[in-house]
Amino acid sequence: MPDSPHRVRRVLATAAAPGRFGAVLDRIGTEVAALGERGRPADYIPLLAGADPRRFGMAVAEPDGTVYGVGDWREPFSTQSITKVFALALVLALEGAEIWRRVGREPSGNPFNSLVQLEYENGVPRNPFINAGALVVTDRLQTLTGHAAGRVRDLLREESGNSDVDFVPEVAASEATHGDRNAALAHFMASYGNITNPVPHLLAAYFSQCSIAASCADLALAAGFLARRGVRANGSVLLTRSQTKQVNAVMLTCGTYDAAGEFAHRVGLPGKSGVGGGIVAVVPGVCTLCVWSPGLDRHGNSVAGVWALDRFTTLTGLSVF
Ligand code: GLU
């Protein structure tokens with residue numbers, strides 16, 4: 001694909017958000033205020049537990065880098081599992097299909113931190129977006145680059161144009177103090193030879209990666225390559241068309257914990273959620289979206305976030321189906 005100059009414009013939303021979907025965003029921003037049940041913030045990472053479920057932000061980034069939003073769309077939040085998309089993209093960019101020898105691409109039907117399935121399947125996780133699979137991807141990125149978390153942060157910075165995107169060491173530490181289950185997953189896979197870095201180093205990289213704080217605007221921009229068939233903000237190629245399709249497909253089938261079927265049914269877009277309350281979604285060729293609201297449903301997806309994406313695709317008629 002030829003290089004194409006690309007500009008990242010940060011357009012501030014006022015009463016009426018600008019851009020192709022500005023009116024839709026404004027309507028969703030107004031409607032969400034009336035939403036009753038908002039779920040509860042994740043409490044297994046103590047530093048996330050105090051987040052206010054009434055917070056809500058939503059941003060749209062168009063393929064040329066125009067970005068706008070409503071509500072708290074410029075407020076940094078804890079990206080958590082959303083970073084798994086970027087880690088996977090980096091590994092695919094660096095070594096192509098190799099990673100699929102070590103991790104599958106089927107929905108798991110189990111909670112994101114489940115150990116049970118791993119034993120049945122000999123230490124090969126079902127997909128790269130459950131924790132076990134993400135640990136394998138980060139392990140591989142660590143081996144390939146020597147600084148997995150740093151590479152994920154740098155990709156987010158470069159694609160969003162925001163050098164303030166960074167780790168939050170307190171969040172990483174908070175997760176580490178309650179990280180026994182992730183440690184168990186990593187040790188278990190190491191026993192099958194599917195983790196090659198020392199487990200403590202891997203966990204430190206993984207917790208740092210998950211601790212990155214970024215806003216809806218940052219993440220909608222950073223995921224732009226998924227709507228541009230793999231082309232980065234500077235016009236260079238990160239992923240091939242085929243790899244981009246693969247990442248979007250795994251997001252659609254596995255990106256929202258064991259509620260991916262319900263998400264596809266309601267929203268109809270590839271999406272990846274995190275327990276910080278963010279969700280990134282892709283309308284290939286059209287735009288990328290990011291919503292944030294910290295109250296989660298029982299699967300770990302943002303209640304207001306899924307609701308807002310559902311409204312977006314209903315009001316615009318856009319989906320991959
Ligand atoms: N750092 C979190 C964990 O490993 C990420 C969970 C998530 O957002 O799904 O438990």
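In listed order, ligands and their atoms are each counted from 1. Positions are given from 1, in the same order as the sequence printed here. Note that these values count all heavy atoms, side chains included, but never hydrogens, waters or copies made by symmetry.
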Enumerate the atoms of ligand 1 whose separation from the nearest heavy atom of Tyr44 is less than 4.0 angstrom. 2 (C), 3 (C), 5 (C), 6 (C), 10 (O)
Element-labelled atoms of ligand 1 that are located less than 4.0 Å from some non-hydrogen atom of Tyr257: 7 (C), 8 (O), 9 (O)
Is the closest side-chain donor-acceptor distance between Ser108 and Asp258 under 3.5 Å? no
For ligand 1, which atoms sit closer than 4.0 Å to a heavy atom of Gly274? 8 (O)
Flag side-chain contact, heavy atom, 4.5 Å: Leu221 against Glu159: no
Main-chain N/O of Arg298 paired to Tyr257 side chain as donor or acceptor, under 3.5 Å: no
Where ligand 1 meets Cys210 - atom numbers and elements under 4.0 angstrom, heavy-atom basis: 1 (N)
Any idea which atoms of ligand 1 are less than 4.0 Å away from a heavy-atom of Gln80? 1 (N), 2 (C), 5 (C), 8 (O)
Backbone or side-chain N or O of Asn131 under 3.5 Å from ligand 1 N or O: yes
Within residues 275-292 or reaching into it, pairs that qualify as side chain to side chain donor-acceptor pair (under 3.5 Å) - sequence neighbours excluded: none
Atom indices of ligand 1, in the order listed, that fall short of 4.0 Å to a heavy atom of Asn182: 3 (C), 4 (O), 10 (O)
Need the ligand 1 atom indices (1-based, order shown) with element for anything under 4.0 Å from a heavy-atom of Ser81. 5 (C), 6 (C), 7 (C), 8 (O), 9 (O)
Is the closest side-chain donor-acceptor distance between Asn301 and Ser273 under 3.5 Å? yes
Hey, which atoms in ligand 1 end up nearer than 4.0 Å to a heavy atom of Val275? 6 (C), 7 (C), 8 (O), 9 (O)
Is the shortest distance from a heavy atom of Phe207 to ligand 1 less than 4.0 Å? no
Would the distance check show the side chain of Asn194 and the main-chain N or O of Met189 forming a donor-acceptor pair, the cut-off being under 3.5 Å? no
Ignoring hydrogens and angles, tell me if any N or O in the side chain of Asn162 forms a donor-acceptor pair with the backbone of Asp218 under 3.5 Å. no
